[in-house]
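Shown next, in structure tokens, is the structure this report addresses.
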Amino acid sequence: MSNSYKIAVLPGDGIGPEVTAESVKVLNVIAQAFQYKFEFEYAKMGAEAIFETGNPLPEETLTVCKNADAVLFGAIGDPYFDNNPDAKVRPEQGLLKLRKELGLFANIRPIKTYSSITKKSPLKKEIVDGTDIQIYRELISGIYFGEKFTDENGEFAYDICKYNKDEIVQIAHLAFQDAQKRRKKLTLIDKANVLDTSRLWRKVVQDIAKDYPDVTLEFLFVDNAAMQMILNPKQFDVILTENMFGDIISDEASVIGGSIGLLPSASIGNDNALFEPIHGSYPQAKGKGIANPIASILSAAMLLDYLKLDVAANKLREAVEHAIDHRYVTEDLNKEQNYSTSEVGDFIVDYIKFSENSYYNFENVKLGKSTIV
Ligand code: IPM
Ligand code: MN
């Protein structure tokens with residue numbers, strides 16, 4: 001088996017480039033430590049690509065992604081476009097087109113909590129501690145990709161939500177298989193009391209459930225699910241849902257643990273995969289070195305999982321957990337020491353390099369001194 005991999009890197013907008021740089025740094029040290037070869041190929045997408053080429057997803061970027069073993073993506077979005085609803089070309093269109101072109105039908109968002117920081121959660125610590133949810137969001141269909149229309153005088157518009165059976169089947173199998181490896185519970189979130197598409201989801205998913213008798217299938221209407229997520233997030237194991245409900249529920253779930261800056265995601269297709277933090281481009285923080293790189297670094301760990309480099313992926317997660325446990329984190333989680341984006345990346349790199357021997361002095365780390373003695 002070859003141990004050489006091509007990784008397309010799309011830093012994107014806002015804090016995307018800063019956090020992605022840390023992931024590349026970490027992947028480079030993983031390559032050294034485990035004797036892999038990662039070949040990084042950079043390409044543009046989003047606002048930056050529009051300003052330079054007029055196109056949020058230049059053809060060249062698409063080709064780089066299609067030829068890569070995996071794509072590492074930063075963030076997308078820019079206030080210039082957010083404040084201008086009439087803009088015809090928008091950064092987000094680049095990401096949506098890329099998802100569609102690469103056939104990334106399943107977006108997987110793990111919502112994991114770290115007990116050392118759940119006191120930062122807006123919810124009570126006892127409600128939050130132990131939450132561990134895996135969200136499967138359908139990513140290339142539904143209302144995002146149905147027909148859209150705005151009339152000439154801008155007074156009438158619609159977006160159509162469509163699904164067919166096959167689109168539901170392919171993601172449902174992934175979600176059930178994951179549930180089998182976890183706590184064996186799958187919750188389908190929909191609005192089947194109102195929407196035909198939701199009734200189709202229920203029917204198809206009920207049918208598939210017969211292949212997974214060890215998994216308990218439950219249904220929740222999305223409005224109730226939004227409430228349950230706050231009341232008792234621990235009740236969820238695997239969540240399966242359509243595109244827009246998944247977008248909304250996953251943002252809600254992402255703050256439970258105390259910082260959205262910790263959460264990675266994987267978007268998987270039959271031939272391609274893309275990895276990106278859940279957080280957005282956070283333009284206010286751009287260039288300040290304060291953005292939390294952990295969501296991006298954990299996305300790199302999911303990328304390693306996808307390449308079946310499990311030992312390396314686990315080492316990387318262990319390094320991240322050490323950073324969190326020793327409060328070697330950015331200001332969103334540690335106001336007193338407020339380590340910079342690249343200092344957190346360096347800590348994780350050092351841990352990977354030196355954790356096999358005893359040269360590491362965590363007391364110094366806590367004091368903010370040199371990490372190596
Ligand atoms: C996400 C984002 C995107 C989405 C935007 C940027 C198009 O919010 O990945 O969740 O809505 O899918
Ligand atoms: Mn979103």
Side-chain angles (χ1 to χ4, degrees), residues 10-17 19-20 44-50 55-57 61-62 65 71-85 87-111 133-146 148 159 161-163 167 171 189 222 225-226 229 239-257 259-269 272-284 286 291 295-296 298-299 302-303:
L10 314 184
D13 304 325
I15 58 167
V19 295
T20 308
K44 292 186 188 344
M45 182 166 77
E48 183 205 29
I50 300 179
N55 182 352
L57 179 65
T61 300
L62 191 55
C65 292
V71 182
L72 183 67
F73 168 56
I76 207 158
D78 187 286
Y80 173 84
F81 298 93
D82 297 340
N83 302 335
N84 180 5
K88 289 271 175 299
V89 183
R90 317 186 64 80
E92 290 79 2
Q93 291 162 347
L95 180 59
L96 296 177
K97 182 163 179 224
L98 183 64
R99 288 172 177 169
K100 192 76 172 175
E101 292 274 342
L102 298 182
L104 307 176
F105 61 84
N107 180 224
I108 304 159
R109 297 184 165 183
I111 308 294
I133 308 172
Q134 193 86 317
I135 299 179
Y136 278 77
R137 167 191 175 194
E138 196 291 326
L139 202 59
I140 50 173
S141 188
I143 197 166
Y144 272 60
F145 290 92
K148 297 178 186 306
D159 300 274
C161 182
K162 279 194 240 181
Y163 270 103
E167 290 167 339
I171 184 170
I189 293 181
V222 62
M229 187 62 77
I239 287 176
L240 170 63
T241 191
E242 61 96 73
N243 201 344
M244 189 156 79
F245 296 158
D247 180 44
I248 298 167
I249 286 286
S250 62
D251 260 34
E252 185 190 13
S254 72
V255 294
I256 289 176
S259 170
I260 189 173
L262 295 177
L263 298 172
S265 84
S267 300
I268 306 281
N272 297 286
L274 175 145
F275 302 84
E276 62 171 305
I278 288 191
H279 63 69
S281 58
Y282 192 14
Q284 305 85 330
K286 180 180 175 162
S296 177
L298 288 174
S299 302
M302 292 184 91
L303 184 153

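Both backbone and side-chain heavy atoms feed into the values below; hydrogens, waters and symmetry mates do not. In listed order, ligands and their atoms are each counted from 1.
Listed by atom number, the atoms of ligand 1 under 4.0 Å from Glu92 heavy atoms are 6 (C), 7 (C). With ligand atoms numbered from 1 in the order given, ligand 1 contributes 1 (C), 4 (C), 8 (O), 10 (O), 11 (O) to contacts under 4.0 Å with heavy atoms of Asp247. Heavy-atom proximity to Arg109, at under 4.0 Å, picks out these atoms of ligand 1: 1 (C), 9 (O), 10 (O). For ligand 1 and Arg137, the ligand atoms under 4.0 Å from any heavy atom of the residue are 1 (C), 4 (C), 9 (O), 10 (O), 11 (O), 12 (O).
In this view, Arg137 and Asp247 satisfy the salt bridge (Lys or Arg N to Asp or Glu O under 4.0 Å) rule, not counting sequence neighbours. Scored by the salt bridge (Lys or Arg N to Asp or Glu O under 4.0 Å) test, Glu138 finds no partners at all (sequence neighbours excluded). With sequence neighbours excluded, the residues forming a salt bridge (Lys or Arg N to Asp or Glu O under 4.0 Å) with Lys148 are Asp159, listed by chain and number.
Considering CD1 of Ile76 and OG of Ser281, their distance stands at 8.5 Å, rounded to 0.5 Å.
Of all the heavy atoms in Ile50 and Arg90, the pair that sits closest is CD1-C, 3.5 Å. The shortest heavy-atom contact between Gly246 and Thr241 is CA-CG2, 3.3 Å.
Taking each of Glu276, His279, Arg99, Met244 in turn, the one with a heavy atom nearest to atom 9 (O) of ligand 1 proves to be Arg99.
Side-chain N/O atoms of Ser141 and Glu167 include a donor and acceptor closer than 3.5 Å.
A cation-pi arrangement is absent between Lys162 and Phe145 under the rule of less than 6.0 angstrom and at most 45 degrees off the ring axis.
Listed by chain and residue number, the protein N/O/S atoms under 2.8 Å of the Mn ion (ligand 2) are Asp247 OD1, with waters left out.
Using a 4.0 Å cut-off between charged nitrogen and carboxylate oxygen, Lys97 and Glu92 do not count as a salt-bridge pair.
The protein non-hydrogen atom at the shortest distance from atom 11 (O) of ligand 1 is Tyr144 OH, 2.5 Å.
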